[in-house]
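In what follows, every heavy atom counts, from backbone to side chain, and hydrogens, waters and symmetry copies are set aside. The sequence lines fix the lettering, A, B, ..., with proteins before strands; numbering per chain opens at 1.
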Number of protein chains: 2
Amino acid sequence: MKPVTVYDIAKEANVSVATVSRVLNNTAPVKASTRERIQGLINKYQFQPNALARSLIKKATGMIGIILPDITNPFFPEVLAGLEQEARKRGYTYFLCDTGSSNQDIKDQYKRESQYLNILIEKQVDGIIMIGGRIDLHKCSKEMANEVAEVNKRVPLVFINGNLPGARYHRVVVDETAGAMRVTEHLIGLGHRDIAFIGGYPQMSNTVRRLEGFRMAMERAELPVREDWINHGGFSVQRGKELMDRLLGMEGKPPTAVVCANDLVGIGAIKAAVKAGLQVPRDLSITGVDDVPMAANVIPELTTLSLKCRELGRTAANVLHLLISKSEPVELLTTLQPELVIRESTSPPAG
Amino acid sequence: MKPVTVYDIAKEANVSVATVSRVLNNTAPVKASTRERIQGLINKYQFQPNALARSLIKKATGMIGIILPDITNPFFPEVLAGLEQEARKRGYTYFLCDTGSSNQDIKDQYKRESQYLNILIEKQVDGIIMIGGRIDLHKCSKEMANEVAEVNKRVPLVFINGNLPGARYHRVVVDETAGAMRVTEHLIGLGHRDIAFIGGYPQMSNTVRRLEGFRMAMERAELPVREDWINHGGFSVQRGKELMDRLLGMEGKPPTAVVCANDLVGIGAIKAAVKAGLQVPRDLSITGVDDVPMAANVIPELTTLSLKCRELGRTAANVLHLLISKSEPVELLTTLQPELVIRESTSPPAG
DNA sequence: GTGAAAGCGCTAACAC
DNA sequence: GTGTTAGCGCTTTCAC
């Protein structure tokens, strides 16, 4: 059976399509009796207006796109949850564009970003939010940056925790440098002097920022930074284990505390430390960054830096909505303050 | 600046829109020279055809909708990852419709499902996948079931691990009953006789199925089922802690093993047990269901039942695609076998 | 309060 | 090979 259209409704109600449209959109007064007649038919046929046709005219689709690198990393669902809430409230639905670093060849991640960018434009989304991927690159290639700049000209665009050279973007960020400083200072305040930093990728700006905060805190406390205690390699639990193993395998006195680039690495670090016979935090304090739900569920519960994931998502959706509705001018940069969450994985050093 | 259309391209290339459309879709041969001329303009203006207009004619959008209850529960991102992979390969983009049991008033969850169902139809998605929510209800109300039946008439629909009365649906399921039996038998094989079951909701069919498998294994081994050791209350880590605490607080000899309704409950159960001074698995064996990534990352690593999340997602996307393309008849029911994953949280009972 | 008609940007017959 | 034209299903002037 063919889907019913405004014409079908109009014909059966003995009115014109214009009138049907009017009751559909409440865009002009309609006589109560005809309105009821039409409404009756709408209910009878469970008529649902075709949003494609509507959007084609209105030049607005109520759809936005979210491009992210890996929904499987628990950080992103948290951000999404915040985003969803705000988006739904404003009447948007969203395309989730996972560039799938967990599934597919990670080398193609940026290619998939480009594809999704194009697809979203063709689908006429009202706006796009990007998080992770190329906007986290410390040095992004001119071509990749350019692509995004072009998109930015065509449709409202908001970055979460990232940036790109060559254009001015609307960004919602959390001050990771200050946050990493706070984490490190917490450790220093506890009495630690020998502190390592593991995880992340040196070519990613989030890692650079977190490491920078770490260094600033150490410097301010006049503590030496052991360069061989700074090791990168990724953001996964597996990486955390490996990096911690390496740290534990080094000659000489080990660190008494380890700042991890994110919670997953921190969880891996705990695993490796426990497996090596250490007690956390007695023998070794460990911290994370993100405050994903699991951070509160591991044993011992992970001291971490809350990146305010949900608020980040809500805020980004909000900024994007403001941009779309053009109701008011929007600040380019919105900065949230992260929050130190002290749990069980940190304590004064033993001895 | 206005977006460029086929007309703009056609005019500047001195051809008709039909020819532009032809090179865009490779739908008929075009003289090489004109094709190049047109392609040049397309590149020059970075012309992207409006997918709304195209879909309006073709009656296909390349969009599908996924309705799920809570992206924040790590089970769902895993399924999504599988789904995304398959969907992308087939050229679909998808709306993520999170009915947000984590954010908002959970009482409105089913209302949001209804809303999303309507929105997806209006947006003319080519198909819908549902997972969780009302399709997991052991007894779903007539009205709620009816809504879905109506949707099922209008657009291809696939359920993951759920069902609804009143109509025949295409479903991709994993045999949870057999799986729960396998888990329980593993425990029994280890020598356990006093086994509890915690977590889930009695009104949800997944809980019913898992509990059924548990009971069947116990019965087959001629072991008594202690009804006061069967406690429901949810699927979260927090619930797992509470339910385990209650178990530990009961009079008499405690169970030597606990089958948890899912991994999160299992992780909570471990936390509560450890906090109570027990050693897992020496004093208490604990199992989960799902095999979310975190199950392998907690200490001790959780023995669990892999629900083949990714495969579930891939298969569902596949089935939906088959339904959409009508290329071949599709089985109503696709069943996957779950897999017991033995890790560290189970061992023979002490002494 | 209501209808006629002109599109929104594209594809697909159907001519030539 | 290419152009003309009629829609897809809806909203929106502009009359009446």
Side-chain angles (χ1 to χ4, degrees), chain A residues 1-39 41-42 45-63 118-119 121-126 154-155, chain B residues 1-39 41-42 45-63 118-119 121-126 154-155:
Chain A
M1 69 184 184
K2 294 219 150 33
V4 359
T5 72
V6 278
Y7 281 94
D8 303 321
I9 302 284
K11 187 186 287 178
E12 190 163 342
N14 276 314
V15 295
S16 76
V17 290
T19 305
V20 176
S21 176
R22 285 184 188 111
V23 346
L24 239 29
N25 302 285
N26 248 304
T27 182
V30 173
K31 189 161 41 147
S33 67
T34 50
R35 142 165 278 120
E36 276 165 32
R37 188 152 32 97
I38 292 172
Q39 193 58 56
L41 291 168
I42 289 177
Y45 292 112
Q46 305 206 53
F47 167 66
Q48 322 224 203
N50 184 323
L52 296 176
R54 175 179 282 173
S55 297
L56 194 54
I57 297 183
K58 311 249 274 193
K59 274 138 185 28
T61 55
M63 314 186 300
N118 283 323
I119 291 172
I121 297 230
E122 291 186 357
K123 303 258 191 232
Q124 311 295 121
V125 294
D126 292 340
R154 296 179 182 226
V155 54
Chain B
M1 66 186 186
K2 294 215 150 35
V4 358
T5 72
V6 278
Y7 282 95
D8 303 320
I9 303 283
K11 185 187 289 179
E12 191 164 339
N14 276 311
V15 294
S16 77
V17 290
T19 306
V20 176
S21 176
R22 285 183 188 110
V23 345
L24 240 30
N25 301 286
N26 248 305
T27 183
V30 173
K31 188 159 46 142
S33 66
T34 48
R35 145 166 276 122
E36 276 165 31
R37 189 151 33 99
I38 291 172
Q39 192 59 56
L41 291 168
I42 289 176
Y45 292 113
Q46 306 207 52
F47 168 65
Q48 322 226 206
N50 184 324
L52 296 176
R54 174 179 284 173
S55 298
L56 194 54
I57 297 183
K58 310 252 271 195
K59 277 139 183 25
T61 55
M63 313 186 303
N118 283 326
I119 291 173
I121 297 229
E122 291 187 355
K123 303 256 191 233
Q124 311 293 122
V125 293
D126 292 339
R154 297 177 180 229
V155 54

Inset, instruction - May I ask you to evaluate whether B:S16 reaches the phosphate of D:dG3, defined as a side-chain N or O under 4.0 Å from OP1 or OP2? - result: yes
Inset, instruction - Ignoring backbone atoms, test whether A:T19 places a side-chain nitrogen or oxygen under 4.0 Å from the OP1 or OP2 oxygen of C:dG3. - result: yes
Inset, instruction - Report which part of the nucleic acid A:S55 touches: base, sugar-phosphate, or nothing (heavy-atom distance under 4.0 Å, all strands). - result: nothing
Legend entry - Among C:dG9, D:dG1, D:dG9, the nucleotide that comes nearest once only the side chain of B:T5 is considered: C:dG9
Inset, instruction - Side chain of A:V17 only, please: which of D:dT5, C:dC10, D:dT11 is the nearest? - result: D:dT11
Inset, instruction - Could you check A:Y7 against B:F47 and say which one's nearest nucleotide on DNA chain C is further toward the 5' end? - result: A:Y7
Legend entry - For atom NZ of B:K123 and atom C1' of D:dG9, their distance in whole Å: 15 Å
Legend entry - Between P of C:dA13 and NZ of B:K58, the distance in whole Å: 11 Å
Legend entry - Test side-chain contact (heavy atoms from CB on, under 4.5 Å) applied to B:V23 and B:T34, B:V15, B:I42, the passing residue: B:I42
Inset, instruction - Identify whether any heavy atom of B:V20 sits under 4.0 Å from a base atom; if not, whether one sits that close to sugar-phosphate; answer base, sugar-phosphate or nothing. - result: nothing
Legend entry - Nearest-nucleotide 5' precedence on DNA chain D, B:T34 against B:A53: B:T34
Inset, instruction - Step by step, work out the side-chain contact (heavy atoms from CB on, under 4.5 Å) result for A:Y45 and A:I9. - result: CA-CA 9 Å; A:Y45 292 112; A:I9 302 284; 4.1 Å; yes
Inset, instruction - Would you give the length of the straight line joining atom CZ of B:R154 to atom CD of B:Q124, rounded to the nearest 0.5 angstrom? - result: 10.0 Å
Inset, instruction - Would you indicate what A:N14 reaches in the nucleic acid, counting non-hydrogen atoms under 4.0 angstrom: base, sugar-phosphate, or nothing? - result: sugar-phosphate
Inset, instruction - Provide, to the nearest angstrom, the distance between the CD1 atom belonging to A:I57 and the P atom belonging to D:dT13. - result: 11 Å
Inset, instruction - To the nearest Å, give me how far apart NZ (B:K11) and P (C:dC10) are. - result: 14 Å
Inset, instruction - Write down the distance between CD (A:E122) and P (C:dG9), rounded to a whole number of angstrom. - result: 15 Å
Inset, instruction - Tell me, with the steps shown, if B:T5 and B:V17 meet side-chain contact (heavy atoms from CB on, under 4.5 Å). - result: CA-CA 9 Å; B:T5 72; B:V17 290; over 6 Å; no
Legend entry - Candidates D:dG1, D:dC10, C:dT11 - which lies nearest the side chain of B:R54: C:dT11
Inset, instruction - Confirm from the modelled atom types if A:R22 and C:dG3 form a donor-acceptor pair under 3.5 Å, side chain to base only. - result: yes
Legend entry - Between P of D:dC10 and CD1 of B:I121, the distance in whole Å: 14 Å
Legend entry - Distance, rounded to the nearest Å, where A:Q124 contributes CD and C:dC8 contributes C1': 11 Å
Inset, instruction - Would you indicate whether the side-chain heavy atoms of B:Y7 and B:V20 approach each other to under 4.5 Å? - result: no
Inset, instruction - Would you indicate, yes or no, if C:dT11 has its OP1 or OP2 atom less than 4.0 angstrom from a side-chain nitrogen or oxygen of B:K59? - result: no
Legend entry - Interatomic distance where CG belongs to A:N26 and P belongs to D:dT11 [whole Å]: 12 Å
Inset, instruction - Pick base, sugar-phosphate or nothing for A:S21, based on heavy-atom distances below 4.0 Å to the nucleic acid. - result: base
Legend entry - D:dT11 phosphate, OP1 or OP2, under 4.0 Å from A:N25 side-chain N/O: yes
Legend entry - Between CZ on residue A:R54 and NZ on residue B:K123, distance to nearest 0.5 Å: 9.0 Å
Inset, instruction - Measure from the side chain of B:A18, starting at C-beta and using heavy atoms only, and say which of D:dT12, C:dA13, D:dG9 lies closest. - result: C:dA13
